[in-house]
Trainee: 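One structure, pasted below without further comment.
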Amino acid sequence: MPEHRYDPRAIEPKWQAIWEREQTWHVSNDEATDLPKSYVLEMLPYPSGEPHMGHLKNYAVGDAVAHFHRRTGRRVLHPIGYDAFGLPAENHAIRTGEHPRDSTAQSIAQFQREFREWGVSFDWSREFATSDPRVYRWTQWLFLRFLERGLAYRKEAAVNWCPKDATVLANEQVIDGRCERCGTLVEARQLEQWFFRITDYAERLLDDLATVDWPEHVVTMQRNWIGRSEGAEVTFRCEELGIDYPVFTTRPDTLFGVTFFVMAPEHPDVLRLAAGTQHEQAVREYVNRSQTEDGAERGAAEREKTGVPLGRTVVNPVNGEEIPMWVADYVLMEYGTGAIMAVPGHDERDFAFATRFGLEIRRVIEGGDALPYAGDGAIVNSGPRFDGMQNREALDAIVAWLDGDGRGHRSVNFRLRDWLLSRQRYWGCPIPIVHCDGCGLVPVPDDELPVILPDVRDYKPKGRSPLATAEEWVHTSCPRCGKPALRETDTMDTFVDSSWYFLRYCDADNDEAPWDPDVLARWAPVDQYIGGVEHAILHLMYARFFVKALADMGHLDMREPFNALFTQGMITREGAKMSKSKGNVISPTPYVERYGADTARCYILFIGPPDQDADWSDSGVEGVHRFLARLWRLGAELAENGAPGPLDASTDGASGDDLELLRKAHWAIDKVTGDMSGRFAFNTAIAAVMELVNECYSRRDGASDPALRFATATAASLIFPFAPHTGAEVYQLLTGERVWDEPWPEVDPTLLVRDEVEIALQINGKLRDRMPAASGADREQLETLARARPRVQAHIDGKDVVRVVVVPAKLVNFVVR
RNA sequence: GCCCGGGUGGCGGAACUGGUUAUACGCUGCCGGCUUAAACCCGGCUGUCCGAGAGGACGUGUGGGUUCGACUCCCACCCCGGGCACCA
């Protein structure tokens, strides 16, 4: 007998070559078909270095879903691409001088090689990198559509500035308030920036979360991020200067408790208000200090409140009181109006501030032992009109009253801010805008797109984007008047690229438009999106915004980009997150080389529920490898006894080991199918196939060849979504067929039920005996049988049987006293 | 502080809507077979405690509760992981 050795190094390349040659996973956009579509998508990788365990997990999950959908009668779009613009490649360029295009291309080649070695069933015909001009041409085109629509605009905004390197820094480059590279304290600078008006969509982004099949915690995170608050806008007037200051409050019921008024240090009127007062100098110093301070530090809720008086007053519109104005950094310019009414009696922060500076604290709602009290209760100290009302009613009444003479009105506020998309960076999509002295901001005409990213010599930003050094490129002529003009040198945030890439996959060859809406409608939206939870907020929010905005512009017709979302857990090493700095990163490559891709893929799914974090263990890998080897060996040995041919799945007259084996096979079909339908229980699905293979081994001597073949081929067919090479190989050895062309195995429900089952016999809920019984036996029969058992009799003899609980086919429980 | 997720054997984990002995499957460990030998492979055992044994008692973070019956439901608490955090 020849040696049977499972050799993934022979099996895997063989099948990969077939899939490559035959373009097995390619789907065309024209093919007419009755099959329902399924768009399965893993988040596109950022190509830096080589793939890691997180990638392996991501694509193992996605591929299992794709294969399962295909074999259960769906036409599956399963594309791949690369999020190729971005900071790591640029930082690498700053260090080494290597063009980001080159280092990125190398990394992409590495990803491509490994994806193929993993046997992932991608439709490679739609592959692209977002840094390809053929793609970013449309990123620019989309930007211009947003601009036309008023959804892209320019305004001054604070950015992180390193005075030593004379550069703008991305938020991620600011570590503890200091420049990542030189350690200098970072300052805030006001610069003109491009924004997307995502806040216009806040309400819809919030509401439509209800229409989407996403993990609850991701929905919650998005909800909190959008942060909708209902309340009122109320106007306080500074009589001395004759200026109205509106504030937003969620608690207009506490208006009579307002004892001071606070503005954010960034508020444009702060210096003007203080001018000429005795506090002018102190205010100036305070404002400067808070501007240079790190945002994270300033935002810490525990730290002691700071602030200075402005030397002015405003009038509380509900009672005409003059209250002092302050400037304090606990008020944020970005939220609401940048100014607040302070109610120290019923707000913790205002209370802390008032205590620190000796300001009046007034109770206007009853309840709680001490102030501040944030709960509900009856209104007091708020005048005869409102005193005695419940605060919730008073809230509406006070707003209505103010609204009557224009001093306030209902209002909704969102925490969500507009999306700052400009980056003073080289390796990104150029913003297709020309600055003309005469015409102002002029969009580059569509037929001149793409604005190609030029080569530069020095990638280091010097206060402006490195693109500013590409003199020839920067100096252009105005598309409108033809006079000399300058190109915009900022590039776009890479989140812009990833906000629409999944649309491009649907029509990736289109050079006339980013996509043809009819073609898009054949595939989009994504039916199952799979990726890391770290993108739960930004990427998913931005992509949702893009789809909604593009729908409004008529470029597509859908509400949400990702119908269902699955977020995978991390792969850890000895419980710790893998990171380069810790030096505990393990690459999939050695495992793929040593055990084969199927083993690595199966193991990463078998290790635990895929939405949870899981710890990598080398000995666990070996166990999964052993299982695949057992399956393969079983197939190889059976194949030796006879030529491949159709399976004989008949159960007529089957008995003994044959019947038990067939039962187990159908049990496994049922289990795996259930675990994959709407769930992601890959770990238990794989365990079920393991059980089936174990059953084959233990019944090998007693079972017939057709039964063994059926059971083994079924195991191969069921494992295929997780271990495609081994599944295909074993299935072909036994049947001569390609498993992916075969429909998903169908369960025979009659084999799931047994004629005779074991019934648990309990006395007062405690198990005392077991007995065999016909599975169809009814309650009475079971009770009669149970009463005849000696061990049951021993326990109920001489006692009162108060009640008998019978669960057919499961148990009989005697309640005795 | 707030919002999520989670606490089950030596380890990763299973138990779908409360219903048979809780711990499937895999790992680890132990025993046996194969082998000149080892590896591979094949078969078996492996929750804890008491007991020579048959057997018994206890066991799903802790404490209560509901129920004939609770890993599963309810209340309170403890611990771990993640996210948000002065948003008025």
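Chain identifiers are assigned alphabetically (A, B, ...) following the order of the sequence lines, protein sequences preceding nucleic acid strands; residue numbering begins at 1 within each chain. No hydrogens, no waters, no symmetry mates; every other heavy atom, side chains included, goes into these values.
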Trainee: Pick base, sugar-phosphate or nothing for A:Pro215, based on heavy-atom distances below 4.0 Å to the nucleic acid.
Mentor: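 If one applies the 4.0 Å heavy-atom cut-off, A:Pro215 turns out to touch nothing in the nucleic acid.
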
Trainee: Suppose we call two aromatic rings close when their centres sit under 6.0 Å apart. Are A:Trp326 and A:Phe357 close by that rule?
Mentor: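 Centroid distance A:Trp326-A:Phe357: below 6.0 Å, so yes.
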
Trainee: To the nearest angstrom, how far is A:Ile604 atom CD1 from B:G26 atom C1'?
Mentor: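 One finds 16 Å between C1' of B:G26 and CD1 of A:Ile604, rounded.
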
Trainee: Starting at atom OH of A:Tyr595, determine the distance to atom P of B:C40, rounded to an integer number of angstrom.
Mentor: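 Atom OH in A:Tyr595 sits about 11 Å away from atom P in B:C40.
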
Trainee: What is the base-pairing partner of B:U20, counting Watson-Crick and G-U wobble geometry with both distances under 3.5 Å?
Mentor: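 In the structure as shown, B:U20 has no Watson-Crick or wobble partner.
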
Trainee: Considering every strand shown, what is the Watson-Crick or G-U wobble mate of B:G1 when both distances are under 3.5 Å?
Mentor: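 Its partner is B:C84.
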
Trainee: Between A:Met333 (CE) and B:C86 (C1'), how many Å, whole number?
Mentor: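 Result: 16 Å.
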
Trainee: Say we look at B:C74 and B:C80: how far apart would their P atoms be, to the nearest angstrom?
Mentor: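 About 24 Å, rounded to a whole number of Å.
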
Trainee: Salt-bridged, A:Arg228 to A:Glu203, with N to O below 4.0 Å?
Mentor: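 A salt bridge links A:Arg228 with A:Glu203.
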
Trainee: Taking only side-chain N and O atoms of A:Asn694, does any of them lie within less than 4.0 angstrom of OP1 or OP2 on B:G26?
Mentor: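 Result: yes.
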
Trainee: For the aromatic rings, using the six-membered ring if either is Trp, is the centroid distance between A:Trp632 and A:Phe627 under 6.0 Å?
Mentor: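 No: the rings miss the under 6.0 Å criterion.
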
Trainee: What are the two closest heavy atoms between A:Ile607 and A:Ala614, and how far apart are they?
Mentor: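 Shortest heavy-atom separation between A:Ile607 and A:Ala614 comes out as CG2-CB, 3.6 Å.
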
Trainee: Counting side-chain heavy atoms from C-beta on, which of B:C42, B:G19, B:A88 comes nearest to A:Gln762?
Mentor: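 From the listed options, B:G19 comes nearest.
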
Trainee: Closest approach to the side chain of A:Ser619, judged atom by atom: which nucleotide of B:C42, B:A88, B:C27 is it?
Mentor: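 Nearest nucleotide to the side chain: B:C27.
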
Trainee: Select from A:Lys671 and A:Ile686 the residue whose nearest nucleotide in RNA chain B is closer to the 5' end of that strand.
Mentor: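 Looking at the nearest nucleotide for each, A:Lys671 comes out on the 5' side.
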
Trainee: Provide, to the nearest angstrom, the distance between the CD atom belonging to A:Glu691 and the C1' atom belonging to B:G13.
Mentor: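 In whole Å, B:G13 C1' lies 14 Å from A:Glu691 CD.
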
Trainee: Base, sugar-phosphate or nothing for A:Asp347? Non-hydrogen atoms, less than 4.0 Å.
Mentor: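 Counting heavy atoms under 4.0 Å across all strands, no contact is made by A:Asp347.
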
Trainee: Considering just the side-chain nitrogens and oxygens of A:Arg626, establish if one lies under 4.0 Å of OP1 or OP2 belonging to B:C27.
Mentor: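 A:Arg626 to B:C27 OP1/OP2: side-chain N or O found under 4.0 Å.
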
Trainee: How close or far is atom P of B:C40 from atom CG of A:Asp7, stated in whole angstroms?
Mentor: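 Rounded to whole Å, this separation is 18 Å.
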
Trainee: Could you tell me the Watson-Crick or G-U partner of B:C71, where both distances fall under 3.5 Å? Say none if there is no partner.
Mentor: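 The answer is none; no pair meets the criterion.
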
Trainee: Select base, sugar-phosphate, or nothing to describe what A:Ile607 touches, counting heavy atoms under 4.0 Å on all strands.
Mentor: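 Contact class for A:Ile607: sugar-phosphate only.
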
Trainee: Select one nucleotide: of B:C86, B:G69, B:U28, the one nearest the side-chain heavy atoms of A:Tyr330.
Mentor: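 The answer is B:C86, which lies nearest to the side chain.
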
Trainee: Separation of A:Met570 atom CE from B:G6 atom C1', in whole Å?
Mentor: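 Between C1' of B:G6 and CE of A:Met570: 14 Å.
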
Trainee: Quickly work out the A:Arg679 CZ to B:U17 P distance and round it to whole Å.
Mentor: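 For the pair A:Arg679 CZ and B:U17 P, the rounded distance is 8 Å.
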
Trainee: Using the P atom in both, what is the distance from B:C79 to B:A57, to the nearest Å?
Mentor: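 These two P atoms come out 35 Å apart once rounded.
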
Trainee: Which way is the base of B:G9 turned, syn or anti, if we draw the line at 90° from 0?
Mentor: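 Syn.
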
Trainee: Tell me which nucleotide, if any, is Watson-Crick or G-U wobble paired with B:C49 when both distances must be under 3.5 Å.
Mentor: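 Partner of B:C49: B:G56.
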
Trainee: Touch check for A:Ser229, heavy atoms < 4.0 angstrom, all strands: base, sugar-phosphate only, or nothing?
Mentor: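 Touches sugar-phosphate only.
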
Trainee: With RNA chain B as reference, determine whether A:Thr249 or A:Ala760 sits nearer its 5' end, using the nearest nucleotide of each.
Mentor: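 The residue mapped nearer the 5' terminus is A:Ala760.
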
Trainee: Among B:G13, B:C86, B:C42, which nucleotide has an atom closest to any side-chain atom of A:Tyr697?
Mentor: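 From the listed options, B:C42 comes nearest.
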
Trainee: Salt-bridge test for A:Arg700 and A:Asp657: reply yes if a basic N is under 4.0 Å from a carboxylate O, no otherwise.
Mentor: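 Answer for the salt bridge query: no.
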
Trainee: Can you check the distance between B:G82 and B:C86, where both ends of the measurement are the C1' atom (answer in whole Å)?
Mentor: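 Each nucleotide's C1' atom is 22 Å from the other's.
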
Trainee: Is the closest basic N to carboxylate O distance between A:Glu783 and A:Arg787 below 4.0 Å?
Mentor: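 Judged by the 4.0 Å cut-off on N to carboxylate O distance, A:Glu783 and A:Arg787 do form a salt bridge.
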
Trainee: Counting only side-chain heavy atoms from C-beta out, which of B:C86, B:A24, B:C41 sits nearest to A:Lys305?
Mentor: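 Side chain of A:Lys305 sits closest to B:C86.
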
Trainee: Suppose we define a pair by two distances each less than 3.5 Å, Watson-Crick or G-U wobble; what does B:G43 pair with here?
Mentor: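 B:C31 is the nucleotide pairing with B:G43.
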
Trainee: Taking the side chain of A:Val805 as heavy atoms from C-beta outward, which of B:G43, B:G19, B:C86 is closest to it?
Mentor: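 Comparing B:G43, B:G19, B:C86 against the side chain of A:Val805, the answer is B:G19.
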
Trainee: Taking the C1' atom in each of B:U21 and B:G56, what is the distance between them to the nearest angstrom?
Mentor: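 Per the computed distance, 15 Å lies between those C1' atoms.
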
Trainee: Of the candidate nucleotides B:G13, B:G19, B:U28, which contains the atom at the shortest distance from the side chain of A:Leu811?
Mentor: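 Of B:G13, B:G19, B:U28, B:G19 is nearest to the side chain of A:Leu811.
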
Trainee: Tell me which nucleotide among B:C3, B:A85, B:C86 gets nearest to the side chain of A:Arg415.
Mentor: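 Of the options given, the side chain of A:Arg415 lies nearest B:A85.
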
Trainee: With rounding to the closest Å, how many angstrom separate the C1' atoms on B:U60 and B:G6?
Mentor: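 It works out to 14 Å between them.
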
Trainee: Base, sugar-phosphate alone, or nothing: which one does A:Arg228 contact when heavy atoms must sit under 4.0 Å apart?
Mentor: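 Answer is nothing: A:Arg228 stays at 4.0 Å or more from every strand.
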
Trainee: Is a salt bridge present between A:Lys664 and A:Glu660, judged by a nitrogen-to-oxygen distance below 4.0 Å?
Mentor: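 The answer is no: the pair does not qualify as a salt bridge.
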
Trainee: Base, sugar-phosphate or nothing for A:Asn683? Non-hydrogen atoms, less than 4.0 Å.
Mentor: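 Sugar-phosphate, no base atom in range.
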
Trainee: Would you indicate what A:Asp350 reaches in the nucleic acid, counting non-hydrogen atoms under 4.0 angstrom: base, sugar-phosphate, or nothing?
Mentor: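 The answer is nothing, as A:Asp350 stays clear of every strand by at least 4.0 Å.
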
Trainee: For A:Asn413 and A:Ser229, what are the C-alpha separation, side-chain angles and deciding distance, and is it a side chain to side chain donor-acceptor pair (under 3.5 Å)?
Mentor: CA-CA 5 Å; A:Asn413 241 279; A:Ser229 304; over 6 Å; no

Trainee: Looking only at atom P, what distance separates B:C16 and B:G81, rounded to whole Å?
Mentor: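 Roughly 28 Å separates the two P atoms.
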
Trainee: How would you label the contact of A:Glu622 with the nucleic acid (heavy atoms, under 4.0 Å): base, sugar-phosphate, or nothing?
Mentor: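 Touches nothing.
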
Trainee: Salt-bridge test for A:Glu334 and A:Arg415: reply yes if a basic N is under 4.0 Å from a carboxylate O, no otherwise.
Mentor: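 Between A:Arg415 and A:Glu334 there is no salt bridge, as every charged N stays at least 4.0 Å from the carboxylate O atoms.
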
Trainee: Between B:C68, B:G26, B:A88, which nucleotide has the shortest distance from any of its atoms to the side chain of A:Arg803?
Mentor: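 The answer is B:C68.
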
Trainee: Are A:Phe606 and A:Phe682 an aromatic pair by the rule of ring centers under 6.0 Å?
Mentor: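 Not under 6.0 Å, so no.
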
Trainee: Can you tell me how far C1' of B:G69 sits from NZ of A:Lys810, to the nearest Å?
Mentor: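 My rounded result for the distance is 14 Å.
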
Trainee: Please determine if a side-chain N or O atom of A:Arg630 lies less than 4.0 Å away from the OP1 or OP2 oxygen of B:C41.
Mentor: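 Negative; the distance criterion is not met.
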
Trainee: Using the C1' atom as the point on both nucleotides, what is the distance between B:A39 and B:C34, in whole Å?
Mentor: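 That atom pair is separated by 12 Å.
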
Trainee: For B:G12, give its Watson-Crick or G-U wobble partner with both distances under 3.5 Å, or none.
Mentor: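 Per the H-bond distance test, B:C25.
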
Trainee: Considering only the P atoms, how many Å lie between B:U72 and B:U67, rounded to the nearest integer?
Mentor: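 Looking at atom P only, B:U72 and B:U67 are 16 Å apart.
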
Trainee: Looking only at the side chain of A:Thr684 (C-beta and beyond, no hydrogens), which of the listed nucleotides B:G69, B:A88, B:A15 gets closest?
Mentor: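 When the side chain of A:Thr684 is considered, B:A15 is the closest of B:G69, B:A88, B:A15.
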
Trainee: For A:Thr250, report the nucleic acid contact type (base, sugar-phosphate, nothing); a contact means any heavy atom under 4.0 Å.
Mentor: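 Answer is sugar-phosphate: A:Thr250 comes under 4.0 Å of backbone atoms only.
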
